[in-house]
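To keep things clear, I will list the structure first and then write my remarks on it.
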Number of protein chains: 2
Amino acid sequence: MAAPDATLRGLTGYRIQRAAIRAMARVNAALAPLGLRRSTFSALAVVSDTPGLRQTQLAEALAIERPNLVQIIDDLEAAGLMVRERAEGDRRAYALLPTEAGRAVYARALARLQRAEAALTRGLSPAETQALHRALQIIEDNAGEETGDEIEIPSA
Amino acid sequence: MAAPDATLRGLTGYRIQRAAIRAMARVNAALAPLGLRRSTFSALAVVSDTPGLRQTQLAEALAIERPNLVQIIDDLEAAGLMVRERAEGDRRAYALLPTEAGRAVYARALARLQRAEAALTRGLSPAETQALHRALQIIEDNAGEETGDEIEIPSA
DNA sequence: TATTGTTATACTCTATAACTATA
DNA sequence: TATAGTTATAGAGTATAACAATA
């Protein structure tokens, strides 16, 4: 018997989980000095790149549930990095816009993250990193499909 | 502007997170019919492959904190899949052992997971999957190192 | 003094149901 | 009747401090 977790190490899902937990801790550490978490950073990034989008659209882009987005936007608004503006033509909706401060913090956060990314992928060539991204996309897509697994259809 | 999350997609950390969240949901779904979660499965796997190890050793193998392991072992014991036996020579410690039922459930869970893994990695060649594992290991190792980042040393 | 397992606790992330105000 | 945003809530996963029993 090799390592006690040799069986688990043979499972892609387990490896992704282990790498993700540690990588997320690094990302959090890189963002914390700017008062951001992963969730607030990613929201700020999408809104900065696509100003004016609605909360529902942002939730879909980030693959999070609408209710969970509320606190994220609240935090960004409280920090003065983003504003909710009533959307024209639909008074139920809000258009999300970054403030000047929000754009500045976004740029600083992105720079910090890119340094953290370089540390994370040290030892991987650009081609290997590219291949990693491709593999992760395939897995995300595969995992996002409906399977019908576990849906028992009575045979009569 | 391409997709609203184009910037985020350029970040390895973000891609790992997205893939991990979806993959873990699939793993949970594969384990749920057997009454297992990811945490209880991985504990059962390590103990089945390395019977007799201590809780501290198991926590280290799984990279979880000792307090969080208590409930996991409690659940496995309540399900009749594992037992705590007082360790010989050290009455503070427990040797963890799988029951017969535990070994049987482990085998069934592993088979289910391997089918789920095949679905997750559909479209990736064995070589690509191998390269993915290697890349994830490098990232896990890189992220686990101490950096000294953010430790401000007063210059005088 | 240090270690093993434990308790208590807290924080984050995620998910669902139900509400409000609009459409 | 449906949609946008919200509230309330619950469940995991993870983390730390402190305790009892033992070394």
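In what follows, chains are A, B, ... by sequence order, proteins preceding strands, each numbered from 1. Here the structure is a predicted model, which is why all the values come from computation and not from measurement.
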[atom1] of [X] versus [atom2] of [N]: gap in Å, rounded?
X: A/Tyr94; N: C/dT22; atom1: OH; atom2: C1'; answer: 11 Å
X: B/Arg38; N: C/dT14; atom1: CZ; atom2: C1'; answer: 12 Å
X: A/Ile73; N: D/dA4; atom1: CD1; atom2: P; answer: 15 Å
X: B/Ile72; N: C/dT6; atom1: CD1; atom2: C1'; answer: 14 Å
X: A/Glu85; N: D/dA4; atom1: CD; atom2: C1'; answer: 17 Å
X: A/Gln55; N: D/dT7; atom1: CD; atom2: C1'; answer: 14 Å
X: A/Arg18; N: D/dT14; atom1: CZ; atom2: C1'; answer: 14 Å
X: B/Phe41; N: D/dG13; atom1: CZ; atom2: C1'; answer: 18 Å

- Return yes if a side-chain donor-acceptor contact under 3.5 Å exists between B/Asp75 and B/Thr40, otherwise no. no
- Query: In Å, rounded to the nearest 0.5 Å, how long is the span from CD1 of A/Ile138 to CG of B/Leu132?
  - Reply: 9.5 Å
- If you measure from CD1 on B/Ile73 to CG on B/Leu96, what distance do you get to the nearest 0.5 Å? 5.0 Å
- Closest contact, heavy atoms only, A/Pro4 versus B/Asp49: O-CB, 4.4 Å
OP1 or OP2 of [N] less than 4.0 angstrom from a side-chain nitrogen or oxygen of [X], does that happen here?
X: A/Thr56; N: D/dG5; value: yes
X: B/Gln71; N: D/dG13; value: no
X: B/Arg84; N: C/dT6; value: yes

- Report, as a single string ordered 5' to 3', how protein heavy atoms within less than 4.0 Å touch nucleotides 15-23 of chain D: B base, S sugar-phosphate only, - not at all. BBB---BBS
- Please tell me which of the listed nucleotides, D/dG13, D/dT6, C/dT4, lies nearest to the side chain of A/Val70? D/dT6
- Task: With sequence neighbours left out, write down each residue that passes side-chain hydrogen bond (donor to acceptor under 3.5 Å, both in side chains) with A/Glu140, or none if nothing qualifies.
- Result: B/Arg9, B/Arg18
Kindly list each side-chain donor-acceptor pair under 3.5 angstrom involving residues 52-63 of chain A, sequence neighbours excluded, with atom names and distances?
| residue | atom | partner | partner atom | Å |
| --- | --- | --- | --- | --- |
| A/Gln55 | OE1 | A/Arg84 | NH1 | 3.1 |
| A/Gln57 | OE1 | A/Arg54 | N | 2.8 |

- Considering only heavy atoms from C-beta outward, does the side chain of B/Phe41 approach that of A/Leu8 to under 4.5 Å? yes
